[in-house]
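In what follows, every chain begins at residue 1, and chains take the letters A, B, ... in the order their sequences are listed.
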Amino acid sequence: MTAMPTTAMTPTKQTQDAQVRSSTRRRTPWWGVVALVVGALVFLIPLYLFVSTAFKTNADINSWPLRLIPRSLTLENFVNAWELAPFGQFLINSVVVAVIGMALKVLLAIFTAYAFAYLPFPKKNWLFLFMLGALMVPGHVTLLVNYITVGHLHLVNTYAGLILPGIASAFGTFLLRQYFLSIPAEVLEAAQLDGAGHLRTIGSFIVPMARPAIITVGLIALIDEWNGFVWPLIVTNSVNMRTLPIGLLYLKENDGINDWGALMAGTLFVVLPMAIVLLLAQRYIVAGLAGSAVRR
Amino acid sequence: MSSGATDLGSITATAGDPARGTDQLATTSADRRPGAIRRRRRSYLLFAAFAFPNLILIAVFAYWPIIENIYLSFTSWDFISPKAEWVGLLNYTGLFTSWSFPATLLRTLIWVVAVVVITMVIGLALALLFSLRIRGTTAVQTLAFSPHVLSGAAIATIWLLIFDPNTGLSRLIFNAFGADSPAWITDSSWALPALIIVSIWKGLGFVAIVYLVGIQQIPNEVLEAARIDGAGRWSTLTQVIFPLLSPTTFFLIITQTISAFQAFDVIAMMTSGGPAGATTTLSWFIYDEAFNRTNVGVSSAASMIMFVILMAITALQFRFVERRVHY
């Protein structure tokens, strides 16, 4: 299974390789340590100020000099954010869109990949090129017409309208097809001899064996859906249909930016789930986003 | 699907290279048996059922927009009128004879070049730093990578806090040098640099990780050989590592350029294209013309211009990859 594009380069393996390699090379230079600390601070300081502001009292936020260490912590900002905009509803919308969007995208990708890998069809290669060609169409260029299309379908300001244009998947399908093709033919033969039909072959053999690739495709879809901004912005028009990232606009507009605490509390709602996802599933995400970029 | 072992042929024949798969099947002698045609037709149906939902969505939401966009760019429409009115090239000539659109293109160019070049240079430096594997590197890697995974809108609000001239970190830093903090996003000469800084901060970790993977794929023997030949750190870097990383560099330049052209959420959240258009890039312009000003025709003409630019960059990728890039 090492030939598979998404898992061959897991960070743990990289780490081991690199440790072996660096131990045979020069000693750690002092400037490297300094540079690493500086690099860490560049990313840490903005994140620290953001999280700490979400828990600061207004007195601390507005006092100068900047209080790096708050005098006291409060949850008031979260209450304020919740009152300024219906964050509960935003959260529900985001979860619905992200989870259903991801599930449909993965499902479509699995079936399409299976078809392209194992089923015959006239001019299949043309269809495959047709699919890959979609990767070259810039997303921003399609916004206006997709809005009009979704309007014709009477899906503006609905979950279906939010989800539908995002679930087609060329890249995910491509990734899964490559993975499926690397599954040994004997496995499929065995499935066939067991009398398994295509659906059972997919459910009981292909999906379990391709789990790492499927998780990667799913995670990237989840992150994309959760962070989606411009499409939810144009396809929803009532407050109760907005998703979390758009919800931040309400905190910004309602009070100018006088209420930094509420804005940062709202931002924490948006960031926290994906931060947790990153920490739990980092290797799949990095493998999918970075690994596939380098390997051809 | 119940025919079990007899289905084996269709699966194993197509597993593998798609170029071999389907067409060979028709010429196999086994397929001339009576049941074979029916079975193959059923496989076709199955393919359609499995793949067409996805392919149809791709046609509707990726290809159709380009065709419709071409038409709309020759019309004038406001979303509400019953019919779009044909205006020929007026949208295009209007764009290029106005003062603001060429300025927008120039601003977009500055934006893209600044974001891509600075992100690439610092990202490569960061990757080289990571490749030293100093203790704690993994944690810093995750930290640097996190902005890439987090919502652009959220990152924008975090940086609004940093840039606040009264209570933000920016004031602390500028005061340390005895100066006042600029008003950043409300000052038309500082707004674009502010957005460039945020965009770099967001993209840096991704570039670094991709470069790191590239560096780790350089065979150890190559580095050993360079050392035995007496190459120092610097010449190993410039003579060995950089050339071997050129495919990665090229890939990153293309993808980063394409995504910088389309950058939207950070701009929308921080400046909405302002102040006085100072941060209006092509992507904001397309959105603004359509959804704030309801000039559908003008927006689609601008979309077509973006499409042509990005296609040209993609075409460049294919030409360049074949010729120059060292593998």
Side-chain angles (χ1 to χ4, degrees), chain A residues 9 14 18-19 21-22 28 32-33 35-36 39-40 43 46 49-50 62 66 108 111-112 114-115 118-121 124-125 131 134 136-138 140-142 144-146 165 168 185 188-189 192-193 195 197-198 223 227 229-230 234 245 248 260 263 267 270-271 274 278 286 290-291 293-294, chain B residues 1 4-5 7-8 11-12 14-15 18 22 25 43-44 46-47 50-51 53-54 57-58 61-62 65 68-69 126 129 132-134 140 143-144 146 149-154 157-158 161-162 167 169 172 209-210 213-214 216 220 248 251 262 264-265 283 290-291 299-300 303 306-307 310 314:
Chain A
M9 258 304 172
Q14 288 169 19
Q19 274 164 357
R21 189 187 293 182
S22 68
T28 304
V33 179
L36 196 67
F43 290 97
L49 287 173
F50 143 57
N62 295 320
L66 182 65
L108 279 182
F111 280 105
T112 315
Y114 182 84
Y118 301 121
L119 296 174
F121 200 77
K124 194 165 80 166
N125 295 339
M131 186 184 78
M136 287 195 280
V137 177
H140 202 82
V141 174
T142 64
L144 173 62
V145 176
N146 282 350
L188 293 166
E189 281 167 28
Q192 295 281 311
L193 288 169
H198 290 285
I223 291 167
N227 293 340
F229 188 84
V230 63
I234 63 182
L248 294 180
W260 283 115
L263 183 59
T267 303
V270 183
V271 162
M274 288 309 110
L278 177 70
V286 173
V294 185
Chain B
M1 270 170 272
D7 257 343
L8 191 73
I11 281 199
T12 44
T14 50
T22 52
L25 203 69
S43 290
Y44 287 177
L46 206 64
F47 181 95
F50 280 6
N54 202 349
L57 284 170
I58 286 173
F61 291 112
E68 172 86 352
N69 228 323
L126 212 53
L129 177 65
L132 295 174
R133 286 286 147 192
I134 299 161
V140 182
L143 201 59
S146 62
V149 177
L150 303 180
S151 151
T157 64
I158 293 171
L161 178 76
I162 307 289
T167 58
L169 181 68
L172 193 73
I209 296 279
V210 174
V213 175
Q216 286 170 344
N220 219 353
T248 309
F251 168 85
Q262 301 184 75
F264 182 82
D265 43 11
S283 67
F291 298 102
S299 174
S300 22
S303 284
M306 183 190 259
F307 181 68
L310 294 185
T314 310

B/Ser283 meets the side-chain hydrogen bond (donor to acceptor under 3.5 Å, both in side chains) criterion, sequence neighbours left out, with B/Thr281

Counting distance only, does the side-chain N/O of B/Gln262 pair as donor-acceptor with the main-chain N or O of A/His140 below 3.5 Å? yes

Could you pull out the closest heavy-atom pair between A/Ala40 and B/Leu143, with the gap in Å? O-CD2, 3.6 Å

Check B/Ala154 against A/Val271 and note the closest heavy-atom contact, atom names and distance. CB-CG2, 3.4 Å

Given heavy-atom pairs under 4.5 angstrom as the criterion, report whether the side chain, backbone, both or neither of B/Phe307 touches chain A. both

Looking only at heavy atoms and a cut-off of under 4.5 Å, which of B/Leu126, B/Leu172, B/Val140, B/Thr157 has the most pairs with chain A? B/Thr157

Please examine the side chains of A/Thr112 and B/Phe50, heavy atoms only from C-beta on, and report whether any two atoms are closer than 4.5 Å. no

Note: vs chain B, highest number of non-hydrogen pairs under 4.5 angstrom among A/Gly32, A/Ala35, A/Pro245, A/Pro46 is A/Pro46

Okay, A/Ile234 and chain B: the region with an atom under 4.5 Å from a heavy atom over there is side chain

Distance col, row B/Ser299:OG vs A/Leu144:CG, nearest 0.5 angstrom, shows 5.0 Å

Is there side-chain contact between B/Ser151 and A/Met274, with heavy atoms separated by less than 4.5 Å? no

The interface call for A/Leu49 against chain B, heavy-atom contacts under 4.5 Å, is both

Heavy-atom cut-off 4.5 Å, strictly under: side chain, backbone, both or neither for A/Leu278 against chain B? side chain

Residues A/Phe111, B/Asn54; criterion side chain to side chain contact (heavy atoms under 4.5 Å, CB included); working and verdict: CA-CA 9 Å; A/Phe111 280 105; B/Asn54 202 349; over 6 Å; no

Contacting region of A/Phe229 [heavy-atom separation from chain B under 4.5 Å]: side chain

So for B/Ser146, is it side chain, backbone, both, or neither that comes closer than 4.5 Å to the heavy atoms of chain A? both

Between chain A and each of B/Leu169, B/Leu161, B/Thr314, B/Leu310, count heavy-atom pairs under 4.5 Å; write down the option with the most. B/Leu161

Taking the side chain as every heavy atom from C-beta outward, state whether B/Phe61 and A/Thr142 have any atom pair closer than 4.5 Å. no

Would you say that B/Asn69 contacts A/Val141 through its side chain, given a criterion of any heavy-atom pair below 4.5 Å between the two side chains? yes

Do the non-hydrogen side-chain atoms of B/Tyr44 and A/Pro120 ever get within less than 4.5 Å of each other? yes

Could you list the residues that satisfy ring pair (Phe, Tyr, Trp, His ring centres under 6.0 Å) with B/Phe47, not counting sequence neighbours? A/Phe116, A/Phe121

Which atoms of B/Leu129 are under 4.5 Å from chain A, going by heavy atoms: the side chain, the backbone, both sets, or neither? side chain

Can you check whether B/Leu57 reaches A/Leu108 side chain to side chain, under 4.5 Å on heavy atoms? yes

